[in-house]
Number of protein chains: 2
Amino acid sequence: MSQDGTGVDLDRSLGYLLKEASSALRIAMEEVLRPLGMSVTHYSCLELLAQRPGLSNSELARGAFVTRQSMNVLLQALERDGYVTRPAAAPVGKALPARLTPRGRRSLAKASAAVRSVEVRMLAGMTEADRSEAFRLLRSMVHSLRDGS
Amino acid sequence: MSQDGTGVDLDRSLGYLLKEASSALRIAMEEVLRPLGMSVTHYSCLELLAQRPGLSNSELARGAFVTRQSMNVLLQALERDGYVTRPAAAPVGKALPARLTPRGRRSLAKASAAVRSVEVRMLAGMTEADRSEAFRLLRSMVHSLRDGS
DNA sequence: TGACTCATGTCAGCATTCTGACATACATTG
DNA sequence: CAATGTATGTCAGAATGCTGACATGAGTCA
């Protein structure tokens, strides 16, 4: 509530609002994924593999915004439980291309529907033009942040 | 890259882009806060207390988007290290109003400057109108997500 | 007043993610 | 060819956050 001129005013900070939105989205996703026994990262991994079969552990990590070490832990569990398969040896380099098993695909189907409903809810009240604007603005922020100082 | 009609297309998903932007912001903030020995939640707590002195543990937790249990751990450490003070007994109810010590304020000053530079960088390339739009759109998403299905 | 509901602080245990480190595979460059 | 730089998979340990649980204080309502 205060305004001392030197601090970051949270109520006017786009960064704070961005974190708030992201937090709300994460909570909503966890809510619908919990009944399926799936975490957000878990779902992200399966969704990435469905859209881009053959992604490596490191690529999946970047796509899910976690470290490759974290993704490795998850991938090993998914492999052990039969949702994902990886070849024993790398066809090239060290990267092991991962693929969904039929079981993984079935598991993803339910989760994907649940997540889609969250996204639909999030977009409620926004026009098509709004969504385009949101895309443009978020892309701009990502780009500026990635560019380094 | 694929388009099977049933899945969520990550390249066109506003939710995915929101997560990407939030991740980029978090990484950028961690980068500038690390030299100060401060985590994002740590900084958030101090910033909240600077702007709204007397916030309770639970209120700080909501403001920093963590559970009150997590904030409690942090708050106890901050209290132990002399960045924050809380009265021994609650003036009303069980809520203990926390306040920054001079040391806490000094520590925050550097962090706040660092974080401000990140936000400035994120906003580079956006017009004033863009920022207003971004506010409106993000607020709309938060509101829709909070409203429940 | 007594029963109920809700918010809070806090403890304990668990899950997830991160940082640090190492070996390996490929590309680039001298 | 040898040296270097970059990317990868993986192991180990530490940090961080979460869920579950309990007791306490305040408000509501019959």
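Each chain gets a letter, A, B and so on, in the order its sequence line appears, and its residues count up from 1.
Using a distance-only test at 3.5 Å, with no hydrogens or angles considered, no donor-acceptor pair links the side chain of S22(B) to the main chain of L18(B). Although no hydrogens or angles enter the test, the distance criterion places no donor-acceptor pair under 3.5 Å between the side chain of E30(A) and the main chain of V40(A).
Distances shown here put a side-chain N or O of R62(A) below 4.0 Å from the OP1 or OP2 atom of dT8(D). Residue T41(A) has a polar side-chain atom (N or O) positioned under 4.0 Å from OP1 or OP2 of dT17(C). OP1 or OP2 of dC18(C) lies within a sub-4.0 Å distance of a side-chain N or O belonging to S70(A).
If you check every strand for non-hydrogen atoms under 4.0 Å, S39(B) touches nothing. In this structure, S58(A) reaches the sugar-phosphate backbone alone: every heavy-atom distance under 4.0 Å involves primed, P, OP1 or OP2 atoms, never a base. Counting non-hydrogen atoms under 4.0 angstrom, T67(A) reaches a base of the nucleic acid.
Atom CZ of R68(A) is separated from atom C1' of dT19(C) by 11 Å (rounded to the nearest Å). dT19(C) atom P lies 11 Å from atom CD of E31(B), rounded to whole Å. Between the CZ atom of R34(A) and the P atom of dG20(D) there is a distance of 7 Å, rounded to whole Å. dG17(D) atom C1' lies 11 Å from atom CZ of R26(A), rounded to whole Å. Between the C1' atom of dT10(D) and the CG atom of N57(A) lies a distance of 9 Å, rounded to the nearest Å. If you take CG of L96(A) and C1' of dA25(C), they are 12 Å apart, rounded to a whole angstrom. We find that CD of E30(B) is positioned 11 Å from C1' of dT16(D), with the value rounded to whole Å. With rounding to whole Å, M38(A) atom CE is found 18 Å from dA15(C) atom P.
Nearest-nucleotide assignment on DNA chain D puts the 5′-proximal partner with E59(A), out of E59(A) and M71(B).
Within the 4.5 Å cutoff, the side chain of M38(A) has heavy atoms near those of the L46(A) side chain. Residues C45(B) and L78(B) meet the side-chain proximity criterion, which asks for heavy atoms closer than 4.5 Å.
If you check dC18(C), dT10(C), dT10(D) against the side chain of V66(A), the one that comes closest is dC18(C).
Between Y16(A) and F65(B), the angle of the ring planes lies from 30° to 60°, which puts this pair in the tilted group.
One finds no salt bridge joining R116(B) and E119(B) here, because no Lys/Arg side-chain nitrogen approaches an Asp/Glu carboxylate oxygen to under 4.0 Å. R136(A) and D130(B) are joined by a salt bridge, as a carboxylate oxygen and a charged side-chain nitrogen come within less than 4.0 angstrom of each other.
Residue-to-nucleotide contacts include a donor-acceptor pair under 3.5 Å from the side chain of Q69(A) to the base of dG20(C).
Near DNA chain D, meaning a heavy atom under 4.0 Å away, the residues from residues 72-95 of chain B are G93(B), K94(B).
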